[in-house]
Amino acid sequence: MFLRRRTAPPPPAGQDGAAKTGLSPARLDIRGVSRRYGRTPALEDVSLSLPPGEILAVLGRSGCGKSTLLRLIAGLDAPDAGEIRIDDRRVAGRGRDEPPETRGVGLMFQDYALFPHLTVLANVRFGLRHLSSGAARAVALERLAEVGLADRADSYPGTLSGGEAQRVALARALAPRPRVLLLDEPFSNLDAGTRERVRADTLAVLRQGGISAILVTHDAAEAVEFADRIALMREGRLVQCDTAERLYRAPASPFAARALGDIVEMEGLASGGRLTTPLGTLALTDPTPDGSVRVCLRPEAIRIVPRGEGVPGRILRRRFVGASTRIDVEVAGLDAPLRLTAAPDGIAGDGVALGLAEGGVFVFPAAKSS
Ligand code: ADP
């Protein structure tokens, strides 16, 4: 932790933290925003809202439009359709294009690009040119203290570790007291150990300030770790925006199911309110038209049951992994063996019986395989 107020627990997201630091987090509304580059649709009809103090992760593969979305919010680019509002102010769309400097939006990029010929303090002061020299210095030192680097104020960026440089970049982004902070893959250049620490520390600073923030990432675990909600994107479109738990327990599509956590996929048949799969049958909880369906299962939806009480499977391989045993099981009707976790010595012989549990079974129309 590099927070100054080590003893105080971080306040919850929202106004409480803001009151403490004097920052006033903004509400952000993105309504029906689209952006094309030539014939490439980078964003299509994206709508999202960020309540004050919330941290949202925008999750998706490379090229799905994440950075374009951030650029539009920051004012570095303009939407072709739709509008962006910060609190009650329209900052983009329908003829309005407010310049980046007056939007109150801070940016922190992957290559944090500190100016190598300026000291740490001068880097943090960079966005404070509207203040008098003394005031800018005081604010910059305060921000550096918040990230635990006040003693490096006179150092040059070349002498900092990757983690320290990232913390200076955070101090610089927060120096002008932005009302929304946008973070574009800010941790991806750090090695694994440093990444985890800098990420946790960054989150603590944002929570402490009650700062509204959007983190762009392609890493689902990072999104889960960092954000209150996750906006899952695919090919310029918003697939689902929800808490990690909702995305895990109620994905809107097979694509969303695959985004967070492991799934096993198979064909099934819905008939008269029951689902039939190669792993057995189950009552359907949601109304589902009769016919072929795409079934996605979380690993916990597959149970190992006493022999004779489930669908038979043949164990192809078993591996001891300490507290449990991994088994690869071949089941008639499935394309690939299932990889399951069993009790360390609970499985004898090369046969096993499997059944379905209630939670973690998602049923989609057969045509919706992605
Ligand atoms: P991500 O951040 O998710 O990797 P981007 O927002 O950078 O995705 O890009 C989305 C799509 O828009 C990609 O197909 C990309 O090639 C295209 N794109 C982004 N910026 C430009 C640009 N300035 N000119 C042309 N195409 C662009």
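Note that the structure is a prediction, hence the values are computed from the model and not measured.
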Worksheet item: If you take all heavy atoms of G359 and A301, which pair is closest and at what distance?
Response: O-CB, 3.3 Å
Worksheet item: So, the side chain of S271 versus the backbone of D290: is there a donor-acceptor pair under 3.5 Å, distance only?
Response: no
Fill in: Contact summary for L232 and A256, nearest pair of heavy atoms
CD2-CA, 3.5 Å
Worksheet item: Taking 4.0 angstrom as the limit, do D262 and R339 come out as a salt bridge?
Response: no
Worksheet item: Taking all atoms of both residues into account, what is the closest heavy-atom pair of A165 and L114, and its distance?
Response: O-CD1, 3.7 Å
Worksheet item: Does a side-chain N-to-carboxylate-O contact under 4.0 Å join R319 and D328?
Response: yes
Worksheet item: Does any non-hydrogen side-chain atom of H130 lie less than 4.5 Å from one of E101?
Response: no
Discussion item. Under the salt bridge (Lys or Arg N to Asp or Glu O under 4.0 Å) definition, can you give me all pairs with a residue in residues 29-42, not counting sequence neighbours?
Written reply: R27-D29, R31-E83, R35-D77, R35-D80
Response to the item:
Nearest heavy-atom contact between I315 and G351 is CD1-O, 4.2 Å
Discussion item. Can you tell me how far apart CZ (R143) and CZ (R177) are? Round to the nearest 0.5 Å.
Written reply: 4.5 Å
Name each donor-acceptor pair under 3.5 Å that joins a side chain in residues 62-71 to protein atoms two or more places apart or in another chain, with its distance.
from	atom 1	to	atom 2	distance (Å)
K66	NZ	G60	O	2.9
K66	NZ	R61	O	2.9
S67	OG	D184	OD2	3.1
R71	NH2	Y37	OH	2.9

Worksheet item: Is the charged tip of R298 near the ring of Y248: under 6.0 Å from the six-membered ring centre and within 45° of its axis?
Response: yes
Worksheet item: Which ILVMFWY residues are connected to L269, directly or by a chain of links, through side-chain heavy atoms under 4.5 Å apart?
Response: none
